[in-house]
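Notes follow once the structure below has been shown.
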Amino acid sequence: MTRWCLALIVMVACAGGAAAQSKSKGIRLWNLTTETISGFQLSPAGKTDWGPNQTLNDKDKEVDHDERLRIIGVEPGRYDAKVSYPSSRQCIVRDLEIRADAVFSIADKDLKDCTK
């Protein structure tokens, strides 16, 4: 009987942990700029080692104003971002703090060094 109770407790604990992990939404970008983003790349802060275009993770390959985008393959830390728009404009956002399972946002005031 004691073994059965112990086994039941272990199974419940494991199921609870799995359920908590499945509810995790990962790292997400919240686009608070006034335009639709067509490209979003991250690089460790202070470097220009741009990673893949994260907008390709979205079903329509763009991130509209007030839309959230799941960020894949990025560890928590500080990053610079290259933000691209359909008009060919590109801007940099410096020193973003990205935390595990959290939402970070960018707004027009964060955009620096924009080019057309």
Side-chain angles (χ1 to χ4, degrees):
M1 179 79 162
T2 304
R3 284 185 182 169
W4 185 84
C5 288
L6 181 60
L8 182 62
I9 290 169
V10 169
M11 288 184 350
V12 169
C14 289
Q21 286 179 347
S22 67
K23 289 182 183 179
S24 167
K25 295 186 180 186
I27 298 169
R28 294 166 321 280
L29 160 69
W30 187 7
N31 178 15
L32 296 178
T33 69
T34 54
E35 297 181 63
T36 296
I37 294 173
S38 60
F40 187 81
Q41 297 172 272
L42 292 167
S43 173
K47 298 186 178 187
T48 56
D49 299 331
W50 302 112
N53 181 0
Q54 294 284 335
T55 63
L56 300 178
N57 303 333
D58 190 71
K59 62 184 171 189
D60 69 357
K61 312 298 184 225
E62 292 183 325
V63 186
D64 297 324
H65 165 74
D66 201 30
E67 182 180 0
R68 288 175 178 85
L69 171 69
R70 186 175 176 114
I71 302 297
I72 297 174
V74 173
E75 294 295 319
R78 294 218 169 258
Y79 292 87
D80 292 340
K82 185 189 307 184
V83 183
S84 303
Y85 295 96
S87 65
S88 299
R89 180 178 145 198
Q90 286 190 335
C91 300
I92 303 295
V93 178
R94 303 220 184 270
D95 202 30
L96 287 167
E97 181 181 2
I98 296 180
R99 293 177 290 157
D101 296 323
V103 176
F104 67 95
S105 63
I106 60 169
D108 290 335
K109 67 179 179 54
D110 302 317
L111 303 173
K112 308 292 182 209
D113 304 323
C114 295
T115 62
K116 174 111 167 99

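- Side-chain contact between Phe104 and Ile27 is present, with heavy atoms from C-beta onward closer than 4.5 Å.
- Using a 4.5 Å cut-off on side-chain heavy atoms (C-beta onward), Val103 and Arg68 make contact.
- Remark: side-chain polar atoms of Gln41 are not paired, donor with acceptor, to backbone N or O of Trp50 under 3.5 angstrom.
- Under a 3.5 Å cut-off, the side chain of Asp108 and the backbone N or O of Thr33 do not form any donor-acceptor pair.
- Side-chain contact between Ile98 and Leu42 is present, with at least one heavy-atom pair separated by less than 4.5 Å.
- Side-chain heavy atoms closer than 4.5 Å link hydrophobic residues (I, L, V, M, F, W, Y) into clusters, and following such links, even through other members, never connects Ile92 to Phe40.
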**Report entry** Evaluation steps, side-chain contact (heavy atoms from CB on, under 4.5 Å), between Ser38 and Lys61
**Finding:** CA-CA 7 Å; Ser38 60; Lys61 312 298 184 225; over 6 Å; no

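- A salt bridge links Arg94 and Asp113; the closest N-O separation between the charged side-chain nitrogens and carboxylate oxygens is under 4.0 Å.
- A donor-acceptor contact shorter than 3.5 Å links the side chain of Asp110 to the backbone of Ala107.
- With a 4.5 Å cut-off on side-chain heavy atoms, Ile106 and Ile37 count as touching.
- Contact annotation: the side chain of Val63 never approaches that of Glu35 to less than 4.5 Å [non-hydrogen atoms, C-beta and beyond].
- Ser43 and Asp49 are not linked by any side-chain donor-acceptor pair at a separation below 3.5 angstrom, with hydrogens and angles left out of the test.
- A donor-acceptor pair is defined here as one N or O able to donate and one able to accept, closer than 3.5 Å; no such pair exists between the side chain of Asn31 and the backbone of Asp66.
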Pair up each side-chain donor or acceptor in residues 80-87 with any protein partner under 3.5 Å, not counting sequence neighbours, and list the distances.
from	atom 1	to	atom 2	distance (Å)
Asp80	OD1	Asp95	N	2.8
Asp80	OD2	Gly46	N	2.9
Ser84	OG	Gln90	NE2	3.2

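- Contact of the Ile72 side chain with the Gln54 side chain is registered, since non-hydrogen atoms from C-beta on lie closer than 4.5 Å.
- Heavy atoms from other residues, nucleotides or ligands lying under 6.0 Å from CH2 of Trp30 number 12 at most.
- A single hydrophobic cluster is seen to contain both Val93 and Val74, as judged by linkage of ILVMFWY side chains at heavy-atom distances under 4.5 Å, directly or through other members.
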